[in-house]
Amino acid sequence: MSYLFQNYKRTNVEFVRAEGNELIDTNGNKYLDFSSGIGVTNLGFHPYVKEQLQIQVASIWHTPNLYLNTLQEDVAQLLVRQYDYCVFFCNSGAEANEAAIKLARRYTGKQSIICFDQSFHGRTYGAMSATGQGKIKAGFGDVVPHFSYAKFNDINSVKSLITKDTAAIMLELIQGESGIHVAKSTFIKQLSQLCNEHDILLIVDEVQTGIGRTGKCFAFEHYDIEPDIITSAKGLANGVPVGAMLGKRSLSYVFDYGSHGSTFGGNKLAMTAAKATLETINDAQFLNDVSKKSEELFTKLNKALFDNPRIIDIRGKGLMIGIETDLDLSQLVNKARQHGLIILTAGQNVIRLLPPLTISSQEINQAVCVLKDIFNES
Ligand SMILES: *Cc1c(COP(=O)(O)O)cnc(C)c1O
């Protein structure tokens, strides 16, 4: 008997230790982690993050948001860089999206938000309402009103949903949970123009795509846009729970004293880990290496899998990669694990790879070898 809600389908393996990009189970078996704990431990179990956390724990690990917090200022500055944003810290992706929705509504005085089919923004009522997937909402009663869903990469479908009450358009630049669908450059350019023409805010959910995952700090930097609002979480503190919302400085006045908050948001441990993470990632050489590893991984995957008729597509950006297949996904995941490789799924028919950004050539070879074997065996 378990004392837990059975809302997760858990595999009968427990990881109890980690070294670099390897997970170690209760029996001492080692696994190469090509999931980063669902896009969270983007640096693997990095010694600098660990060291900084240990130093912070030894002094103080929480102070309330009623007092100064220099670490929050440091992390905010590292997130914002050359752009003109202010930052609000919370504890998860869903909460960051809640903050984004609230900021957009309060700033514009409007209610409607256009989202996309097959999007994923989280499990709270606001974030769930923004999510364009029926199964996420099933059985939970009324969702938050005034959300609508356009077709991804289809500008006319967005245009047809715009009304006088449209506050914002909200999207992932690469839809992660639903199958690694990459937004087209022309679509994002048109979307951004549409927002300017109609005074609509552009909210980009970078919870999965951010923090170096695509070879830039944020994925929006691949497109010629500056979103009004950006949300971040998952990889931001390399495994310590955290979320952040970045909003253009010109919007910041509407989040005045008492208008929004979070008890744990910007907690000292989360900020210490986020600072160490961003100091590592915000480096041209580091990000350049991510792009190089991405090219290497795509080349090797294509070479290993091109003649397998069960593979429909290999796509993605940076180290966010989807392999579309008509094979049984859970079987593939189990086989990979038995071969010592941890991978993820996305949507109905996609194997998702989110390796740590610190992955080595040798680890890439190891993973590609396992993937070739399991796809051929299945
Ligand atoms: C994971 C995810 C979320 C939700 O994050 P939580 O921390 O689980 O609340 C929101 N948006 C995107 C794009 C995600 O991938």
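Counting starts at 1 for both ligands and their atoms, following the listed order. None of these values were measured; they are calculated from a predicted model.
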**Student:** Give the numbers and elements of all ligand 1 atoms closer than 4.0 Å to a heavy atom of Q208.
**Tutor:**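 What qualifies from ligand 1 is 15 (O).
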**Student:** Distance to 0.1 Å, residue and atom name: give those for the protein heavy atom nearest to atom 6 (P) of ligand 1.
**Tutor:**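 So the nearest neighbour among protein heavy atoms is G93 N, 3.5 Å.
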**Student:** Could you check whether D224 pairs with K189 (Lys NZ or Arg NE/NH1/NH2 to Asp/Glu carboxylate O, under 4.0 Å)?
**Tutor:**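 A salt bridge links D224 with K189.
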**Student:** Atom 8 (O) of ligand 1: protein heavy atom closer than 4.0 Å?
**Tutor:**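 It does not; no protein heavy atom is within 4.0 Å.
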**Student:** Evaluate A94 for polar contact with ligand 1, using N/O atom pairs at a separation under 3.5 Å.
**Tutor:**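 N/O-N/O distance under 3.5 Å: yes.
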**Student:** Who's the nearest protein heavy-atom neighbour of atom 11 (N) of ligand 1, and how far?
**Tutor:**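 Of every protein heavy atom, D205 OD2, 2.8 Å lies nearest to atom 11 (N) of ligand 1.
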**Student:** What atoms of ligand 1 come within less than 4.0 Å of a heavy atom belonging to E172?
**Tutor:**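 So the answer, numbered in order with elements, is 13 (C).
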**Student:** Check H121 against ligand 1 and report side chain, backbone, both or neither, counting heavy atoms closer than 4.0 Å.
**Tutor:**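 It is the backbone that touches ligand 1; the side chain stays farther off.
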**Student:** Between F255 and Y107, is the ring pair (Phe, Tyr, Trp, His ring centres under 6.0 Å) condition met? List the steps.
**Tutor:** CA-CA 9 Å; F255 265 13; Y107 176 76; over 10 Å; no
**Student:** Can you sort out which atoms of ligand 1 are near S92, meaning under 4.0 Å from one of its heavy atoms?
**Tutor:**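 Answer, ordered by atom number: 7 (O), 9 (O).
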**Student:** Are any of the N or O atoms of F120 closer than 3.5 Å to those of ligand 1?
**Tutor:**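 Yes; at least one N/O pair falls below 3.5 Å.
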**Student:** Checking D165 side chain against Q111 main chain: does a donor-acceptor pair fall under 3.5 Å?
**Tutor:**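 Present.
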**Student:** Parallel, tilted or perpendicular: which one describes the rings of F218 and F220, with boundaries at 30° and 60°?
**Tutor:**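 Ring orientation of F218 relative to F220: parallel.
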**Student:** Among all protein non-hydrogen atoms, which one is nearest to atom 1 (C) of ligand 1, and what is the separation to 0.1 Å?
**Tutor:**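 Minimum-distance protein heavy atom for atom 1 (C) of ligand 1 reads K234 NZ, 1.5 Å.
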**Student:** Would E177 and Q208 count as having a side-chain donor-acceptor pair, cut-off 3.5 Å?
**Tutor:**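 A pair is found: one side chain offers a donor N or O, the other an acceptor, under 3.5 Å apart.
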**Student:** H62 vs F264 aromatic rings, parallel, tilted or perpendicular, using cut-offs 30° and 60°?
**Tutor:**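 The rings of H62 and F264 stand perpendicular, inter-plane angle above 60°.
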**Student:** Under the side-chain contact (heavy atoms from CB on, under 4.5 Å) test against I323, which residue among I312, V350, T345, L353 passes?
**Tutor:**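 Output: one option passes, namely L353.
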**Student:** How does N97 reach ligand 1, if at all, at less than 4.0 Å between non-hydrogen atoms: by side chain, backbone, both, or neither?
**Tutor:**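 Near ligand 1, N97 shows its side chain, while the N, CA, C and O stay back.
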**Student:** Is the charged tip of K275 near the ring of Y48: under 6.0 Å from the six-membered ring centre and within 45° of its axis?
**Tutor:**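 Relative to the ring axis of Y48, which defines the angle, K275 lies outside at least one limit.
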